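Whatever order the structure lists ligands and atoms in, that order sets their numbers, starting from 1. Predicted model, so just to flag it, every value in this text is computed and none were measured.
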Amino acid sequence: MNSRAASIKLLTASELGNVPVNSLPQLGEARAKLLGKLGVGNLFDLLYYLPRRYEDRRISRADQLKPGDNATIKGVIAKVETSSTRRGLTIVRAEFRTGQGAVTAIWFNQPFLTRSLRRGLSITVTGKVECGLFGSEIAVADYELGDAQDAIHVGRIVPFYSATEDLSQRTLRRIMYKLVKQYAPWAKDLLPERLRAELQLPPLAESLMQVHFPSDLEVLKRARERLAFEELFLFQLGLRTIQNTIQLQGVVRRPQSDLSDLFVRSLSFDLTPAQKRVLGEIRKDLSSDRRMYRLVQGDVGCGKTVVALYALFYAVAAGYQGALMAPTEVLAEQHYLGLQGWAERLGVRAAALTGSIARREREECLEALKNGGIDIIVGTHALLEKEVVFDNLGLIVIDEQHRFGVRQRDILQSKAPQADVLVMTATPIPRSLTLTLYGDLDLSVIDQLPPGRQGVKTYFLPSAEKQRAYQFLRKELAAGRQAYVVCSLIEESEKLEAEAAVNRAAELQEEFPEYHVGLLHGRLKIEEKARVMEGFRGGTIQVLVATTVIEVGIDVANASLIIIEGVERFGLSQLHQLRGRVGRGEAPGYCILIGSPQTGEARDRVKTLVKHQDGFKVAEQDLAIRGPGELMGIKQHGLSDFRVVDIFQDAYLMEKSRAYAYKFTGQINAEILQEIRYRFPSLIYGLKF
Ligand code: ADP
Ligand code: MG
């Protein structure tokens with residue numbers, strides 16, 4: 001036995017990943033193919049294809065059965081009977097003897113069973129206990145014949161996997177049992193010896209075996225915890241590695257003027273305590289020689305823009321250039337307009353670099369950036385282009401970070417390796433997740449809305465009652481307020497989406513001849529978009545029919561109503577972002593969701609929005625409804641690479657794994673790096689080795 005164990009060559013994750021399941025002698029071609037459909041293509045996939053749930057089917061005493069319980073009983077078959085009901089239902093009953101008396105097992109509509117249920121055979125059955133005429137009966141959910149020592153489907157804690165119609169639960173379970181038992185011992189434990197000892201972690205092979213076929217619940221818990229911890233630990237090490245490749249040495253930025261304070265003092269409102277706190281954190285970062293790498297997170301409408309502007313003015317006052325990058329033209333334009341007003345008053349030179357500016361203007365802008373003639377530049381990802389060169393870029397602010405990948409973040413950084421970085425996001429990621437996702441950033445949270453906000457009241461109307469939404473629209477317009485009407489994408493086609501918006505705008509214009517209906521969609525020329533937004537901002541356009549181009553950042557305080565059509569076609573986070581366009585001033589905001597959600601999931605989304613206003617609550621629901629991989633913007637952070645970790649269930653492990661990753665960064669060797677790369681491909685995307 002020992003010599004056999006010693007002869008096993010241990011394989012790392014990527015080496016296991018190099019063994020395709022169709023090369024395994026225990027598995028036929030057809031089965032391998034079916035596994036492939038489940039996403040199990042190689043040995044690593046297989047070992048980490050974990051059960052979704054378990055059922056405790058350990059054997060109970062026959063004299064302690066309670067009706068209503070689920071129980072598993074083992075005995076020897078004494079008698080088998082078949083009967084039929086008047087409706088033609090076949091019932092097979094097998095009486096079997098146990099050490100604690102007789103029990104009857106019942107199967108419905110499986111007449112063929114009489115062939116295999118033979119007197120004298122031992123049998124284990126599991127199912128619901130019922131009170132029968134002659135003692136306890138069990139309505140059989142699953143059973144196993146014979147005295148097999150390796151009980152798989154009954155007589156133990158039984159795993160349940162995601163199976164398919166072609167590959168039944170029983171078949172899959174049998175495959176897993178055979179293969180996991182065989183190959184789990186091959187898996188090489190990469191956790192540092194000291195860590196394993198310190199945390200008293202069970203060995204990897206045993207944990208894998210136990211997590212599939214647990215010997216008892218306590219052991220299962222420890223095994224799962226070990227695997228989850230390992231996964232989080234490696235993930236955090238990956239984040240640490242990114243962090244280590246980032247230039248940490250920053251520049252002390254000392255303002256030579258009180259530009260940023262002037263800015264705050266001349267605002268028409270007082271900053272919220274949360275905003276003030278965050279400004280303090282940013283100021284501290286900027287004036288230290290450690291490089292700032294900070295995420296500002298706050299729900300839609302909490303006032304992130306002033307925080308960004310403050311930081312930019314602070315950098316300018318210290319003699320550096322600042323860059324503000326937005327994910328869409330429309331938002332970049334809005335930021336520029338806002339900034340320009342301040343810049344003029346404060347004597348700061350601001351410019352915009354978007355796709356819309358004319359060639360000559362662009363060249364002048366690039367030239368001025370290079371020779372220091374511009375203090376603050378606002379733009380889209382056009383800022384990432386090679387020709388964009390700065391004189392002395394000191395601060396990069398990235399708005400609505402979820403729209404950019406880790407990689408884009410890195411490119412902008414490489415233009416000024418010592419520039420401070422401030423990232424803003426409204427993506428309402430649950431607090432328990434932020435650490436995992438943004439482990440490489442320091443975090444500031446604006447957890448407060450400006451005073452006087454009355455929130456956004458959200459309603460749902462079935463498509464047939466659309467007219468009621470228009471009545472409400474008429475009322476808001478009569479009160480001098482403005483509204484958005486959002487048409488969803490009919491299909492994944494910008495063209496069709498644009499067409500839908502055009503039609504809706506025409507229809508609304510006819511319905512409301514006394515008002516001005518504007519139109520905004522992705523296929524309009526940039527200048528046209530700017531013109532429409534200007535009209536809406538200025539109030540000459542009262543109703544703005546738009547596609548989701550308005551989703552992020554747009555800020556028009558007088559807009560009080562947003563009508564979203566085809567609600568079933570949007571994701572939850574997206575809907576929350578959209579409704580965040582209203583209720584941004586002191587007047588209450590209204591959001592009317594229109595559609596005909598057919599699936600339970602779509603209905604859940606609508607319910608969640610009607611019920612919750614807080615973006616964090618919405619995001620938590622979003623995760624619960626859809627699962628982590630799909631939460632907006634998360635894919636690129638490697639979250640969806642998790643095979644073991646369940647971010648809610650394992651939230652308690654995150655802090656610990658992060659702490660240990662810090663402690664053990666020094667022990668990263670090539671093999672562990674390789675493991676991280678293999679296990680978190682999306683994380684590694686942003687890694688520079
Ligand atoms: P977001 O965090 O969604 O980017 P914005 O920065 O666009 O939000 O701010 C939303 C609106 O709230 C803007 O019109 C802004 O001027 C206003 N605002 C920001 N901070 C405050 C405050 N402390 N008091 C009142 N209004 C504020
Ligand atoms: Mg914003």
For atom 4 (O) of ligand 1, closest protein heavy-atom neighbour: T305 OG1, 3.7 Å

Which residue and heavy atom of the protein sit nearest atom 10 (C) of ligand 1, plus the separation: R584 NH2, 3.5 Å

Q275 and ligand 1 - part of the residue with a heavy-atom distance under 4.0 Å: side chain

Side chain proximity check, V306 to F263, heavy atoms < 4.5 angstrom: yes

Top protein contact for atom 11 (C) of ligand 1, by heavy-atom distance: R453 NH2, 3.5 Å

K276 heavy atom under 4.0 Å from ligand 1: no

Proximity to ligand 1 by part of Q448, non-hydrogen separation under 4.0 Å: neither

Sub-4.0 Å heavy-atom contact, C302 with ligand 1: yes

Distance filter under 4.0 Å to T272 heavy atoms, resulting ligand 1 atoms: 23 (N)

Under-4.0 Å heavy-atom contact with ligand 1, by part of D270 that carries it: backbone

Closest protein heavy atom (residue, atom, distance) for atom 16 (O) of ligand 1: F269 CE2, 3.6 Å

Ligand-side contact atoms (ligand 1) for residue partner V300, heavy atom cut-off under 4.0 Å: 3 (O)

For atom 9 (O) of ligand 1, closest protein heavy-atom neighbour: G303 CA, 3.6 Å

I282 and R294, any side-chain heavy atoms less than 4.5 Å apart: yes

V300 side chain near R581 side chain, heavy-atom distance below 4.5 Å: yes

Option passing salt bridge (Lys or Arg N to Asp or Glu O under 4.0 Å) with D420 (candidates R253, R283, R291): R253

F680 and F642 aromatic ring geometry - parallel, tilted or perpendicular at 30°/60° bounds: perpendicular

Residue and atom name of the nearest protein heavy atom (relative to atom 3 (O) of ligand 1), distance in Å to one decimal: G301 N, 2.6 Å

Heavy-atom closest contact (V456 atom, G583 atom, distance): CG2-CA, 4.3 Å

Geometric class of the F536/Y484 ring pair [parallel <30°, tilted 30-60°, perpendicular >60°]: tilted

Ligand 1-proximal atoms of L271, by part, heavy-atom distance under 4.0 Å: backbone

Check: E387 and K370 side chains under 4.5 Å, non-hydrogen atoms: no

Residues which pass side-chain hydrogen bond (donor to acceptor under 3.5 Å, both in side chains) with Q448, listed by chain and number, not counting sequence neighbours: none

Nitrogen or oxygen of P450 less than 3.5 angstrom from that of ligand 1: no

Heavy atom of A426, distance to ligand 1 below 4.0 Å: no

Side chain proximity check, M325 to L384, heavy atoms < 4.5 angstrom: yes

Which residue and heavy atom of the protein sit nearest atom 13 (C) of ligand 1, plus the separation: D555 OD2, 3.1 Å

Minimal non-hydrogen separation, L286 against Y314, with atom names: CD1-CD2, 3.4 Å

